[in-house]
Number of protein chains: 2
Amino acid sequence: MRSDCPLNYALELFGDKWSLLIIRDMVFFNKRYYHEFLLSEEKISTNVLANRLLTLEKNGFVKKEKSLDHKQKIIYSLTEKGIDLVPIIIEIGLWSDKYGDHIPPHKKDFILKEIRVNKTNGIQTLKKELHTAHNVQKNTDKHSD
Amino acid sequence: MRSDCPLNYALELFGDKWSLLIIRDMVFFNKRYYHEFLLSEEKISTNVLANRLLTLEKNGFVKKEKSLDHKQKIIYSLTEKGIDLVPIIIEIGLWSDKYGDHIPPHKKDFILKEIRVNKTNGIQTLKKELHTAHNVQKNTDKHSD
DNA sequence: CCGCATCCCTATAGATACTG
DNA sequence: CAGTATCTATAGGGATGCGG
């Protein structure tokens with residue numbers, strides 16, 4: 001660690017170019033499988049994805065388990081610590097909404113929709129949803145590539 | 001750009017290990033001079049600092065001007081776009097407050113104090129302060145190294 | 001198939017010494 | 001003072017291999 005500043009602490013844990021995108025995929029697009037993350041439009045490469053998932057797990061943001069039906073499949077899900085990154089993602093989304101003039105409006109929907117939900121129900125609703133997400137199979141929202 | 005996701009957009013602009021720390025130094029510790037940034041406890045090196053300040057300026061987060069009294073000195077200050085990163089920093093601070101158990105409590109003060117100010121007066125107060133910061137010489141808060 | 005691991009190569013980040 | 005120059009280290013892309 002470079003310092004014990006709280007901001008620096010966070011940046012060293014998830015302040016890279018990929019971690020929050022993986023969290024985004026899990027929270028907003030219900031992705032849970034390795035190959036699903038590979039399909040995102042940022043085109044993460046396999047070695048980087050494997051490395052990020054490992055360090056995210058090591059640092060307690062993500063947990064791994066084997067699928068009950070297909071035992072060769074691995075399910076990634078968020079811990080509470082990981083879900084608690086959502087308010088940060090939302091603030092970033094608000095900032096991008098203000099300054100990312102070139103961003104197609106429909107691309108902002110997933111995050112702006114979450115802001116509305118968050119304002120009325122709070123992040124608790126999201127936590128409940130995500131904590132059951134690996135038990136109950138949900139219709140996976142299409143990630144609009 | 002890897003994609004036009006709003007989150008990715010933001011990450012490509014300031015999602016590195018240094019940019020937000022420089023913003024932190026400007027917002028919370030009133031730093032404005034090149035050498036002041038070098039003194040921060042994370043020990044940024046000169047080339048990285050120069051590079052970050054340049055790209056932060058290019059991307060409209062920071063503006064440069066020459067000091068009126070000492071013309072060889074360059075003053076860095078935040079634009080509105082840069083100040084609007086504060087809510088993001090605050091959310092990160094809240095997260096670190098929850099999960100950074102080992103962080104010395106007094107290290108959290110600068111950000112928790114800002115949260116209180118933000119909740120009562122909002123970020124507007126901060127904006128007014130910072131917009132006059134390069135005109136009115138303020139007692140520079142010591143960055144607690 | 002699925003989830004990586006490995007290898008190779010390039011690009012960017014960063015430490016240190018030095019300069020206009 | 002505010003950076004460059006130079007060199008080194010790490011991150012990352014792409015292809016491929018490999019165990020379960």
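These values consider heavy atoms only, across backbone and side chains, with no hydrogens, waters or symmetry-generated copies. By convention in this document, chain letters (A, B, ...) are assigned in the order of the sequence lines, proteins followed by strands, and residues within each chain are numbered from 1.
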*Tell me, please, which residues at least two apart from A/Lys73 pass side-chain contact (heavy atoms from CB on, under 4.5 Å).*
A/Tyr33, A/His35, A/Ser67, A/His70
*Nucleotide D/dG12, atom P - distance to CG of A/Leu38 in whole Å*: 15 Å
*Mind checking side-chain contact (heavy atoms from CB on, under 4.5 Å) for B/Val48 and listing every partner two or more places apart, or none if nothing turns up?*
B/Trp18, B/Ile44, B/Ser45, B/Arg52
*Think B/Lys81 forms a cation-pi with B/Phe61, using NZ or CZ under 6.0 Å from the six-ring centre and within 45 degrees of its axis?*
yes
*Can you list the steps and then say if A/Asp84 with A/Lys127 is a salt bridge (Lys or Arg N to Asp or Glu O under 4.0 Å)?*
CA-CA 9 Å; A/Asp84 278 333; A/Lys127 285 187 186 178; 2.9 Å; yes
*Round to a whole Å and report the spacing from CG of B/Leu39 to C1' of D/dC1.*
13 Å
*Would you please name every residue forming a ring-ring contact (aromatic ring centres under 6.0 Å, His included) with A/Phe110, sequence neighbours left out?*
A/Phe28, A/Phe29
*Between A/Asn51 (CG) and C/dC7 (P), how many Å, whole number?*
16 Å
*Are any of A/Arg52's side-chain N or O atoms less than 4.0 Å away from OP1 or OP2 of D/dA11?*
no
*NA contact type, B/Arg2, heavy-atom cut-off 4.0 Å: base, sugar-phosphate, or nothing?*
nothing
*Quick one: do the A/Ser3 and B/Lys107 side chains pair a donor with an acceptor below 3.5 Å?*
no
*Between A/Ile74 and B/Val48, which has a closest nucleotide on DNA chain C that is more 5'?*
A/Ile74
*What's the closest nucleotide to the B/Ser45 side chain, out of D/dC1, C/dT16, D/dG13?*
C/dT16
*Are any of B/Lys64's side-chain N or O atoms less than 4.0 Å away from OP1 or OP2 of D/dG3?*
yes
_The criterion is salt bridge (Lys or Arg N to Asp or Glu O under 4.0 Å); which residues satisfy it with B/Lys108, sequence neighbours excluded?_
B/Asp97
*Tell me, please, which residues at least two apart from A/Tyr9 pass ring-ring contact (aromatic ring centres under 6.0 Å, His included).*
B/His102
*For atom CG of B/Leu21 and atom C1' of C/dG14, their distance in whole Å*: 15 Å
_From CG of B/Leu54 over to C1' of C/dT12, roughly how many Å is that when rounded to an integer?_
16 Å
*asked:* Using a heavy-atom cut-off of 4.0 Å across all strands, would you classify B/Lys66 as base, sugar-phosphate, or nothing?
replied: nothing
*Nucleotide C/dA11, atom C1' - distance to CD of B/Glu12 in whole Å*: 15 Å
*Send over the distance from B/Leu49 CG to D/dG3 C1', rounded to a whole Å.*
9 Å
*Hey, which of these two, A/Lys17 or A/Gln72, hits DNA chain D nearer its 5' end, going by closest nucleotide?*
A/Lys17
_Does C/dG14 have OP1 or OP2 under 4.0 Å away from a side-chain N or O of B/Trp18?_
yes
*Take atom CD of A/Glu42 and atom C1' of D/dG13, then tell me their distance rounded to the nearest Å.*
15 Å
*Looking at the side chain of A/Tyr33, which of C/dG3, D/dG12, D/dA2 is the nearest nucleotide?*
C/dG3
*Nucleotide nearest A/His35 (side chain, heavy atoms from C-beta), chosen from D/dC1, C/dG3, D/dG3*: C/dG3
Protein-nucleotides 4-9 of chain D N/O pairs under 3.5 Å:
unit_1: D/dT4; atom_1: O4; unit_2: B/Thr46; atom_2: OG1; d: 2.6

